[in-house]
Amino acid sequence: MKNEISFRISGQNGDGIFSSGEVFSKICSRSGLHVHGYRSYQSVIRGGHVNYSVRAANWDVAAPANYIDVLIALRPDSFIVDAPHMSDDGIILYDSKGFRIKPENVKVKEGVRVVDMPAVELAAQFSNLKIVANTVFLGAVVAIFNLDMSVFEKMLADNFASKGEEVVRVNVESARAGYNWAKENLEPLQLDITIDPNAEPKMFIGGNEALALGMLIGGLQFYAWYPMTPASPVGHFIAKYGELAGVVCKQMEDEINVSNSVVGAAVAGARAACATSGGGFALMTEAIGYASMVEAPVVYIEVARGGPSTGLPTKQEQGDLRQLLGASQGDYPRAIIAQTSVEDGIILGQEALNIAEKYQMPVIIASDLYMGEHFETIPEPDPEAIPIERGKLILDEVPEEMRPYKRYLVTEDGISPRTIPGVKYGQYDAGSDEHDEFGKLISDVRAGYPESIKIRIEQMNKRMRKMETLLKELPAPTAEGHPPEDADVLLVTWGSLLDITREARRELETQHGKRTAHLNIRYIEPFHSKEVKEILESYQKAGAKIILVENNYTGQMGQHIRMKTGFEIKDKYLRYDGETILPREITSAVLEILNR
Amino acid sequence: MKNEISFRISGQNGDGIFSSGEVFSKICSRSGLHVHGYRSYQSVIRGGHVNYSVRAANWDVAAPANYIDVLIALRPDSFIVDAPHMSDDGIILYDSKGFRIKPENVKVKEGVRVVDMPAVELAAQFSNLKIVANTVFLGAVVAIFNLDMSVFEKMLADNFASKGEEVVRVNVESARAGYNWAKENLEPLQLDITIDPNAEPKMFIGGNEALALGMLIGGLQFYAWYPMTPASPVGHFIAKYGELAGVVCKQMEDEINVSNSVVGAAVAGARAACATSGGGFALMTEAIGYASMVEAPVVYIEVARGGPSTGLPTKQEQGDLRQLLGASQGDYPRAIIAQTSVEDGIILGQEALNIAEKYQMPVIIASDLYMGEHFETIPEPDPEAIPIERGKLILDEVPEEMRPYKRYLVTEDGISPRTIPGVKYGQYDAGSDEHDEFGKLISDVRAGYPESIKIRIEQMNKRMRKMETLLKELPAPTAEGHPPEDADVLLVTWGSLLDITREARRELETQHGKRTAHLNIRYIEPFHSKEVKEILESYQKAGAKIILVENNYTGQMGQHIRMKTGFEIKDKYLRYDGETILPREITSAVLEILNR
Amino acid sequence: MVATQQNVQLFTQKDWKTDVAKPTWCPGCGDYGVLSATRKALVELQIDPTDTLVISGIGCSSNFPHFIGGYGIHSVHGRAAPNAVGAKLSNPDLTVIVAGGDGDGLGIGLGGFVHAARRNLDITYVIMDNQIYGLTTGQTSPTSLLGAKTKSTPYGNIERPINPISMALAAEATFVARTFSGDAKHFAEVMKRAIAHKGFAIVDALSPCVTFNKFNTYDYFRERVYKLEETDHDTSDLMAAFKKAYEWEFEDKVPIGVFYEVQRPTYEEQELAYKEFGNPVKRGPQRPPNLKKIIKDFY
Amino acid sequence: MVATQQNVQLFTQKDWKTDVAKPTWCPGCGDYGVLSATRKALVELQIDPTDTLVISGIGCSSNFPHFIGGYGIHSVHGRAAPNAVGAKLSNPDLTVIVAGGDGDGLGIGLGGFVHAARRNLDITYVIMDNQIYGLTTGQTSPTSLLGAKTKSTPYGNIERPINPISMALAAEATFVARTFSGDAKHFAEVMKRAIAHKGFAIVDALSPCVTFNKFNTYDYFRERVYKLEETDHDTSDLMAAFKKAYEWEFEDKVPIGVFYEVQRPTYEEQELAYKEFGNPVKRGPQRPPNLKKIIKDFY
Ligand SMILES: Cc1ncc(C[n+]2csc(CCOP(=O)(O)OP(=O)(O)O)c2C)c(N)n1
Ligand SMILES: Cc1ncc(C[n+]2csc(CCOP(=O)(O)OP(=O)(O)O)c2C)c(N)n1
Ligand code: SF4
Ligand code: SF4
Ligand SMILES: [Mg+2]
Ligand SMILES: [Mg+2]
């Protein structure tokens, strides 16, 4: 008996795949379940094959399902792309007449039940809109998973309320028709799941939106962006909700100017952020060094996708770490932090704004397509949980004893008291050239003078000291799971692979009797070299296998770890085909390595 | 007795410092000496304090001098910036009346002879141009160093020939006046140098120009640029000489478009290159990944300067290595090679174009301000020494057996036969998206299909295989100097520190009795991890101290080595104050570390 | 580039097709019109695909090179123009056509667009102008009209659009035209003139996005367009061209056709590097024949 | 921003000086004129330096903020405009002045320049136009004239310059003027009108580089400039403005003064985010007061 729901709908872009997937996700959420939703899509706007997968359970599912139990197949290509992922006893619903899927398309492995359901015909009783057939199919799926039909009906009523009673009626009746057809013609699945049709629904949100929401809660004031898959949803969210909450949301003309406008905003005193993906980030890099040099607090979000170059714009990769580390010329302080879950987006959005402002430096958030574009149920955020910390900021006039004001005062922690335009006696120039404590240039006429050389060294040291100060504030990473003396394997991952790897560990533990541990990196710069080294060495000494799992070709985090600790993780499972790694794939890779 | 000449002239920008320095360099060169010239300058155009240092000897001097023996001090600030670098028995020539240098400015250490020379008054006999005083001074310097006056006179005649006899006469007589004054009033220095006034002069050229010349010899066809210190001289050279040799030299509107125009040129079939510095390179990064994805051969030159951001635009730093390594999103093949000497520029210019074209990928040249903007005498290049290798290039029509033509054919070495527009049956689209062997996109409508996933993996593997193929072709690095069992210290450096460190080693060996070895990295990507590791470990095992010397804050090459080999070089001498490291500074740092 | 024999059709439609079965654009997308008109113009001009390079950036429209014969570059977003500049300067005998979106050319790529234009290389640049970011699913583009509700401006666009015609004129392009995907014949005629023009030719191609732009539809344009060719518009009069450029804004009429055309020396004609040694790509990489003359300055 | 009391001089020249003893420009550089005229205009308008932000890119001219009172941003090359956009949108009460070179604003920064202009934020943008790249020691800039021999064009420039006036007009700026460093009084007057103008104001400031530009000298301009104020030029007539824009090119006369001025709603006046919660920076970071309303869409 399964203790989870695994569903997918697939077809052409334009078939209403995503809205059906979302509807089913919310049915599950409103039934008191935890939900995980994930879409796969194409670059072309219409016609490409797309799908939406939903996984739901009483426990907090936070990874895509290994297999599909129920698939609605709207197009022949569903049998090429999706059917291979069916579980051994899965059910595929399709409509041979409605969608003209020819029998030769229907190729599935043994055990999978392929059901030809007259969804279009059933829908035709109520509407001649083809899209209504999706509702009929969903009604059937509700029946197959033994969900409560009233939840679906209420959802339809809510969703279509604005379109009038007639539309609601048509949809509800279509859904019922599908539900009844399934009840009559199909055996429901045997599931060990508790459904509560009266449950308080949970918030269901994507990783990008959670990050955006986190920043709104964190007091964001200015957001600039330029559309780029898969980072655009952050902008769409803030354009829609932020503007109404007093946040300026500006679509700029390109990423260079996005990246510079946020520095202007930050110098002017706003909490400022922006988001993009790989190629856009490349264009942003010059200004990131500039932000660090003028000590402006800015949050830069990079949601990676398949590279290099335009690459696979709608596909998953963790391939941009090297770019984040190498952004902009010279040595300069900045934080790089990976988003590790949808829920983490709420925290990280606030944390990043706080670090940026307290340390007066850029904070780069490393996310990726899977992270940003999958959905989960999460607890409602508490807007007061994390205080807004602005650090050494002078908002009234500069006190007399601090005049003449030194914007770049050399301090022990590397952080200087900061003013913003409008503050009396606080005037200074934020200059990208090397400067003295007042902000005056030393590069122009005084370069090479003994006192300029001294100032240069002092300012470099001051700026770079922020990295040490910050490192002390950040919690050190720990390995979860079995302690060294007790573990067969330590999995090392970063960012978005946290929950997927956790689930693989559960499989390894429960199905294969392996004792596992897991180190997932969240803070990339500054890096807890000492602690990470200790963890790795302790597991190695105790004889555990250490395995690196990453979604890229060269194992970029593995290289970073080696650079920081000297420790080489020799065993690796690296994926760079654009697909999100599934728990079972990690599991078998680990088993394979352990059995070598 | 000194076996070298060490001279500097300093004053304000506009005082003719650089041309005087160049004249003196050429006097030395025409006297049969090896010469090293180096300028220090400011961002402002007029008024800033600048200097030009010349070092010359019978042996091939390839590093700045540790101390100045003769200084022409044209401005009060010469006593602040330059005088501290005088050797213990050095001579400073200045003109208290002519340049109104007040006595309180004249502060020097004991032993240094400060000579008030009436250069302006002497010059006034022949001309009322203040600049002629420099010629008078230089005449004196020729006398002090016991050089042959006829060489200087001939130089003046050559230089001013186009301006007419009268100008030549004025200059020659001024020079003589200075020479005679010095012969009468000053003891010449005791030098152990052989002067040959009839020597064949050597070519005297800067690191940037040598690289540019190397590329011309290597068959460059298209060069794009946007001015940026200290990379501009490459562009100035090609604008002046390349255009006349059939090389298109285009100043573009910004570095993004520079970086893209060279890809367009390369796809069209030209050997294409461009150069910039840190901030400009940041803007170029997106197109570097694009070049690699479409497999276009392009050479990108980065001449680093003091960072971060605008930083110290006229100062030295090796601070951009991390940026070069992190350029552009995703994993993609590219070579990164450091220029190691002026003479190496001739070789590297050709080598880079060959590698780019043979491997159909971007080659990044890592240089820096010191490397690019210092001058040395070098042997005249042999234009046929290095063959032009174009690799798998189809220039006639595509043979029948290769049709339909596969631009991105999967091959064992990763390199596919390439066509260019104009070649019959060779049409293809150079696309930045992931593509199949024909160049057709797989990302648009076919992403996620089993066959697309397969193609993606094949193309990634194919591209990345080029890194392995290339690594095999490149000569592995070796340590020079004492073998492990016999060495006190192994110095590890990269690029421009080659010759400076060599000279430090000479000091350590001859003056301090230390047995030294040296590993200088030239090939950065792909990297000879195995060989470098072996070298480091062999010296470590044998008990030699290993010391990293770099011109940046974080020891970026040290980090790269650790990332590639796991080997951590704990002892470091890092300079990030914008100054070029002098041999004696390395020497004392090494001694200090050895004595710890 | 242009075939010389007059009455023989050396190149046909077939030569300008690729084996991509079907463009990936949405049914009804204006870009189909751009494609067929361009093919038609190329055939009529008897241009050899082997010597043609079609260059784009990134966007729905920028998939263009994959659907048309000849060599192609599908570069990165906003950088079609500099890619074209590099290619054309390296091999000035190529026919170079740039095609890409309004966002690509006038948003992120505006700088390169303007600077390429003033260079007056012999390049044809077609802006496939749908007043929206299509590929990224419908945000405002630099030509989106005031008030446009898009994903990035859910409450309406408050930023004045760029006027591609006056921008092209200010950029010193020597041929400036506009045409409309809904009028195949007019489009092919304009394209023909644009490609035949010696110098930088800009065509603002009104090419409706049927999926995301619900305002600037075929009907919107059909109601407003009229042909300059049918008026007494003087294409050699720069000021008249500027005046026509603002008709859409001030009079709600959309003139199509050639706004401006002038003959000026192209960049290629003045480029020094070709003088002695000819076309760099055709001649191939060479050792500098005058090496001695170059290095003598360094002694 | 602007002091209210009429007859009291709250702010004087002193407030607009900094403790940088002396600008680092070459003696005779046109930029000195820009500086003193700007200071004069600011004093006459009684603008409070504490609420002023002067923003530049990189170049000789871009050292400007260091020499003038108020807060300053000396950003990176070509990016003064987007920095200004971000600052102004975050604190719309600031007086924001951008000053930078022709290369900075019209070369590398052209895209940002044009897009900022069409946004019509209340910003004043002064192009310190010397027709050369000064700081990098004399290469062609986008406004260098045809034939100019520079370090990058040793055999003469073959690329048509950008016309900053017609470019500014095509960019939809609501105030477009030109002035000349050699005429202090005219400069201060134009600056005053530009800063007072509500909306995006562009001033093309002819500011000779005495070191590297041997052609466009003070004398060159003195021989050619004349004042639009002394003609019957109608600053509300866009076409008349375009006509005047081309006089330099076609008639070898250089009109200075205001070419065009129009009142249009500024971006700030239409920005939704200020409606309920006011100036973001002045109000400070806040929790979204309508959080419940936002998150209800996610259930
Ligand atoms: C550097 C970079 N930024 C952003 C994107 C994402 N992107 C792809 S196409 C596009 C805009 C497309 O609009 P347009 O050029 O008008 O073409 P259309 O799709 O409308 O034909 C954007 C923003 C990208 N690929 N690269
Ligand atoms: C990204 C980048 N590219 C190039 C440079 C080098 N650079 C500094 S100033 C400048 C041009 C200056 O010309 P302009 O803007 O006209 O100012 P001017 O010096 O003439 O006043 C250039 C190319 C830079 N600092 N950053
Ligand atoms: S989204 Fe718009 S522009 Fe893109 S293909 Fe569809 S109709 Fe055309
Ligand atoms: S180089 Fe030219 S622009 Fe720069 S300060 Fe000197 S005169 Fe002015
Ligand atoms: Mg568009
Ligand atoms: Mg300039």
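Letters A, B, ... mirror the listed sequences (proteins, then strands); counts begin at 1. Every heavy atom of this structure was used, including side-chain atoms; hydrogens, water molecules and symmetry mates were not.
- No close placement of the D:Phe187 and D:Phe180 rings is indicated, their centers lying 6.0 Å or farther apart.
- Of the two parts of B:Ile238, neither the backbone nor the side chain holds a non-hydrogen atom closer than 4.5 Å to a non-hydrogen atom of chain D.
- Side chains of B:Glu302 and B:Gln323: a donor-acceptor N/O pair is present below 3.5 angstrom, by distance only.
- Of the listed residues D:Pro154, D:Ser152, D:Gly107, the one with more heavy-atom pairs under 4.5 angstrom with chain B than any other is D:Ser152.
- Side-chain contact check for B:Thr276 and B:Tyr226: no donor-acceptor pair (N or O, by modelled atom type) lies under 3.5 Å.
- Using modelled atom types, one finds a donor on one side chain and an acceptor on the other under 3.5 Å when comparing D:Asp129 with D:Thr143.
- Residues of residues 38-53 of chain B that come within less than 4.5 angstrom of chain D, heavy atom to heavy atom, are B:Ser43, B:Val44, B:Ile45, B:Arg46 in numerical order.
- Among residues 9-22 of chain B, no residue has any heavy atom closer than 4.5 Å to a heavy atom of chain D.
- Of the two parts of D:Ile58, only the side chain, counted from C-beta on, holds a non-hydrogen atom closer than 4.5 Å to a non-hydrogen atom of chain B.
- Annotation: the span from D:Ile162 atom CD1 to D:Leu110 atom CG amounts to 5.0 Å, rounded to 0.5 Å.
- In this pair, D:Trp248 and D:Phe221 present their aromatic rings perpendicular. The plane angle is above 60°, beyond the 30 to 60° band.
- Outside the 6.0 Å centre-distance limit, the rings of D:Tyr32 and D:Phe67 are not counted as a close aromatic pair.
- Taking a cutoff of 4.0 Å between a charged side-chain nitrogen and a carboxylate oxygen, B:Glu209 and B:Lys240 do not qualify as a salt bridge.
- Residue-environment remark: NZ (D:Lys149) stays at or below the threshold of 12 foreign heavy atoms within 6.0 Å.
- With a threshold of 4.5 angstrom between heavy atoms, D:His77 approaches chain B through side-chain atoms but not through N, CA, C or O.
- Only the backbone of D:Ser75 comes within contact range of chain B, with at least one heavy atom under 4.5 Å from a heavy atom of that chain.
- Between B:Trp225 and B:Phe237, a ring centre-to-centre spacing not shorter than 6.0 Å is recorded.
- Salt bridge annotation for B:Lys315-B:Glu579: present, with a cationic side-chain nitrogen under 4.0 angstrom from a carboxylate oxygen.
- Under 3.5 Å, the side chains of D:Asn213 and D:Asn216 contain a donor-acceptor pair of N or O atoms.
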